[in-house]
Amino acid sequence: MPVNNDNPLYEELMKDYDTALDHSGINGERIAKRLYELSQIGFVQVGGVKRPGFSDEEKAAKELVKKWMAEAGLLVKEDGAGNIMARLEGKSNVAAIASGSHVDSVPNGGNFDGPLGVLSALEVAESWKEIGYLPEKPYEVIVFSDEEGSRFNSGLTGSQAMTGAITELEMAQLRDYNGETLEQVLAHYGSTLDAFKTAKRDLSELELFVEVHIEQGKKLEKADQPVGIVNGIAGPAWLEVEFVGEAGHAGNTPMIGRKDSLVTAAEFLQTIPEFPKTISDTAVATVGKLEVFPNGANVIPEKVKLLVDIRDINEEPRDRLIDQLVEQAEKIAAKNDIQLNSKLNTRIQPVPIAEELQERLAASLEKFGISPTYIPSGAGHDAMNLGRFIPVAMLFVRSKDGISHNPKEWSSLNDCVTGIHVLKDFVEDAMKR
């Protein structure tokens, strides 16, 4: 396998790998090679990847995974939203057990967020092929489109399409970073808006969905455990706030009477950190994206658009926080004689994980000598959308320093493969029920 000298991912993964973990058909080197090969698609020099949803890079990553799926003996299909579904028939024609994640990334994202869940789900099927195991029930590996939301400022697009959670109005309102509509983006990707609408699936075909993901936090690291159990998924809401003032010459316009949208936005930004702590211990609000128009050095900004990411593991306090931030933005805009436009791009219900599923995950962990650690997920996942309709479970894999959405994102191959063993045991147990 040729190795990109700028990307030492494969060697780093293999360097401290304990080959004793290679058993029951699971192969750590196969995982390392596949993580490396995916890391080459959309590779950026700082060490991470850039694979926006519905981009050529995301599509190329999906095509590579589809090739691996077919080689593992799975029947591969793709719906109009670009979701990949690879199926292995079982002994009985009943609802399937499913697992998977996504392969798109945030700008300059890491190599584990998304791909680890996809490759873990696929490795379960690979292991069965190695040992000649035929599951009692059908098994599906699913790759969802545009989970991260870097394309439209509205994430989980593929799983929303699969569950029918996205409305006609929301489809019509979507605009990407180039100003293109969903229909235009889909046309470039190789699909159509009509095909996208047919992606809604009869979810009675799935008995259970389980997702493996890096933790994106430090609880497992502090507990010195490789894998943990998610006990609930916070529901994200993305509030788009637009301040509209009046452009003017930076030199000729007096300070008094200016309608500077950026100064107003900055005032609002400074107040945001004070609000979540008044709502709950688990509420958070973050602004990571801000656009200034016309963005000229000698022009008073006419318009500023920003996105507030608001989350909590409970819906009522999360929605109360949204209302308070909108009210605060209105108050500051009015004080500065600035027009305010606001809308919610995403509002997704938090999803608790059933206690019975947590207990079954704990039993799988304990088989490998792992003490169960229970962790709420502050991040949204495709499992969250499916969890509104079918039972879902999640496993977290230890993440070094809790870093994610960053080229420094790292989970050791030992931890990744341990997570796959736990997933395999949990899925095999589900097959017998």
note = All heavy atoms of Asn406 vs all of Lys408, minimum pair found to be OD1-N, 2.8 Å
Check ion pair [X]-[Y] (N to O, under 4.0 angstrom):
| X | Y | answer |
| --- | --- | --- |
| Asp425 | Lys367 | yes |
| Glu58 | Arg51 | no |
| Arg87 | Glu140 | yes |

Pairwise side-chain contact, [X] with [Y], heavy-atom cut-off 4.5 Å (strictly under):
| X | Y | value |
| --- | --- | --- |
| Pro276 | Leu321 | yes |
| Ile370 | Pro226 | yes |
| Glu78 | Lys66 | yes |

Does a donor on one side chain sit under 3.5 Å from an acceptor on the other, for [X] and [Y]?
| X | Y | result |
| --- | --- | --- |
| Asp194 | Thr192 | no |
| Ser127 | Ser24 | no |
| Gln328 | Thr271 | yes |
| Glu29 | Tyr17 | no |
| His188 | Asp56 | yes |
| Glu148 | His405 | yes |
| Glu12 | Trp410 | no |
| Ser101 | Glu211 | yes |

Worked verdict on Asp312 versus Val284 for side chain to side chain contact (heavy atoms under 4.5 Å, CB included) = CA-CA 7 Å; Asp312 202 344; Val284 293; over 6 Å; no
request  = For side chain to side chain contact (heavy atoms under 4.5 Å, CB included), just list the numbers for Leu306 and Glu291, CA-CA rounded to whole Å, side-chain angles, deciding distance to a tenth of an Å, and then say yes or no.
outcome  = CA-CA 6 Å; Leu306 56 90; Glu291 299 172 80; over 6 Å; no
Enumerate, atom names and distances included, each donor-acceptor pair closer than 3.5 Å involving a side-chain atom of residues 379-386, sequence neighbours excluded.
residue, atom, partner, partner atom, Å
His381, NE2, Ser377, OG, 2.9
His381, NE2, Ala379, O, 3.4
Asp382, OD1, Ser159, OG, 2.7
Asn385, ND2, Ser159, OG, 2.8

query = Has Lys50 got more than 12 heavy atoms of other residues, nucleotides or ligands less than 6.0 Å from its NZ?
reply = no
request  = Begin from the C-alpha positions of Leu344 and Glu240 and carry the test side chain to side chain contact (heavy atoms under 4.5 Å, CB included) through to its verdict.
outcome  = CA-CA 6 Å; Leu344 271 179; Glu240 186 176 292; over 6 Å; no
Donor-acceptor pair, [X] side chain versus [Y] backbone, under 3.5 Å?
| X | Y | value |
| --- | --- | --- |
| Tyr177 | Asn153 | no |
| Lys62 | Ser145 | no |
| Gln225 | Thr373 | no |
| Glu366 | Ser371 | no |

Test side chain to side chain contact (heavy atoms under 4.5 Å, CB included) applied to Ile310 and Leu239, step by step = CA-CA 7 Å; Ile310 304 162; Leu239 175 67; 4.0 Å; yes
query = Is the His421 to Phe368 ring centre distance short of 6.0 Å?
reply = yes
key: Tyr189 six-ring centre to Lys59 NZ/CZ under 6.0 Å and within 45° of normal   = yes
message = Between Glu180 and Arg175, does the salt bridge (charged side-chain N to carboxylate O under 4.0 Å, His left out) criterion hold? Intermediate values first, please.
response = CA-CA 5 Å; Glu180 292 189 343; Arg175 296 291 184 277; over 6 Å; no
inquiry  = According to salt bridge (charged side-chain N to carboxylate O under 4.0 Å, His left out), who are the partners of Lys67, at least two apart in sequence or on a separate chain?
reply    = Glu71
Verdict with reasoning, Glu123 to Lys424, per salt bridge (charged side-chain N to carboxylate O under 4.0 Å, His left out) = CA-CA 9 Å; Glu123 187 64 17; Lys424 178 175 180 285; over 6 Å; no
